[in-house]
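Input: a single structure, listed below in structure tokens.
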Amino acid sequence: NAGVTQTPKFQVLKTGQSMTLQCAQDMNHNSMYWYRQDPGMGLRLIYYSASEGTTDKGEVPNGYNVSRLNKREFSLRLESAAPSQTSVYFCASSEALQAGVGNQPQHFGDGTRLSIL
Amino acid sequence: AQKITQTQPGMFVQEKEAVTLDCTYDTSDPSYGLFWYKQPSSGEMIFLIYQGSYDQQNATEGRYSLNFQKARKSANLVISASQLGDSAMYFCAMRGFTGFQKLVFGTGTRLLVSP
């Protein structure tokens, strides 16, 4: 019962370094998401992919890029890490992000704790 | 734009008691869905319960139920017979059904269950 798998679980970077967070889901979901969670701010959407081959910006996309490699995998890249990107990052997936359909819950990975010094 | 407000930063409850976690929302969408997630100290996000804006009945899922008051724009989570394992952060979230709308989260409520 893997669900959504994120790697790595923990990472420490220096300012200016680059890194890619990996995410894979085995539920045959069409839509995938990247969030960041900061204290007192809940979860904020960084990027999402409604379906394979598409990606769109969320609420806080600056400083990040994403790649929907295939239906299963959705990666998040920090090109030049900054201390403000210290956060817990969650990947999630759902059956489909469609107009008029909203009852599918998103299933989350366990998160990646990223610290940037 | 949609907004979720959770006004209780922390709540305390004794084991076996019921507790209500508040959630109010704001949206101009005529139809929408409301979700509750649990985040234990281990960090994962666990889906608990869903309520659609046009559902005739309040959602229930085991010990979880949703007190949905559409006119008041509130979707409070009720946990009955609290257990120590219920200690966690709880997030309310919503998604409008118009267009490709994303899930919007509240800031969460930390629940502590004492013996």
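Reckoned from all heavy atoms, side chains included, excluding hydrogens, waters and symmetry mates.
- Looking at B/Y32, there are no atoms closer than 4.5 Å to chain A (heavy atoms on both sides), in backbone or side chain.
- Sorted by first then second residue, the side-chain hydrogen bond (donor to acceptor under 3.5 Å, both in side chains) pairs that include residues 35-45 of chain A, not counting sequence neighbours, are A/Y35-A/Q106, A/R36-A/D38, A/R36-A/Y64, A/Q37-B/Q39, A/D38-A/R44, A/D38-A/S87.
- No continuous path of ILVMFWY side-chain contacts below 4.5 Å connects B/L66 to B/Y50, so the two sit in separate hydrophobic clusters.
- Within the structure, side-chain hydrogen bond (donor to acceptor under 3.5 Å, both in side chains) pairs that include any residue of residues 74-84 of chain A comprise A/S18-A/R77, A/T20-A/R77, A/R77-A/E79 (at least two apart or interchain).
- The contact list for residues 110-117 of chain A toward chain B, using heavy atoms and a distance under 4.5 Å, reads A/D110, A/R113 by residue number.
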Below 3.5 Å, can you tabulate the donor-acceptor pairs from side chains in residues 53-60 of chain A to any protein atom, sequence neighbours excluded?
residue, atom, partner, partner atom, Å
A/T54, OG1, A/S51, N, 3.2
A/T54, OG1, A/S51, O, 2.9

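- Using a 4.5 Å heavy-atom cutoff, the side chains of B/W36 and B/I79 are not in contact.
- Of all non-hydrogen atoms in A/Q85 and A/N62, the two that sit nearest each other are NE2-O, 4.3 Å.
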Could you please spell out the steps behind the side-chain contact (heavy atoms from CB on, under 4.5 Å) verdict for B/M94 and B/D29?
CA-CA 11 Å; B/M94 76 171 296; B/D29 256 296; over 6 Å; no
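- For A/L45, the part sitting under 4.5 Å from any heavy atom of chain B is the side chain, from C-beta outward, and nothing else.
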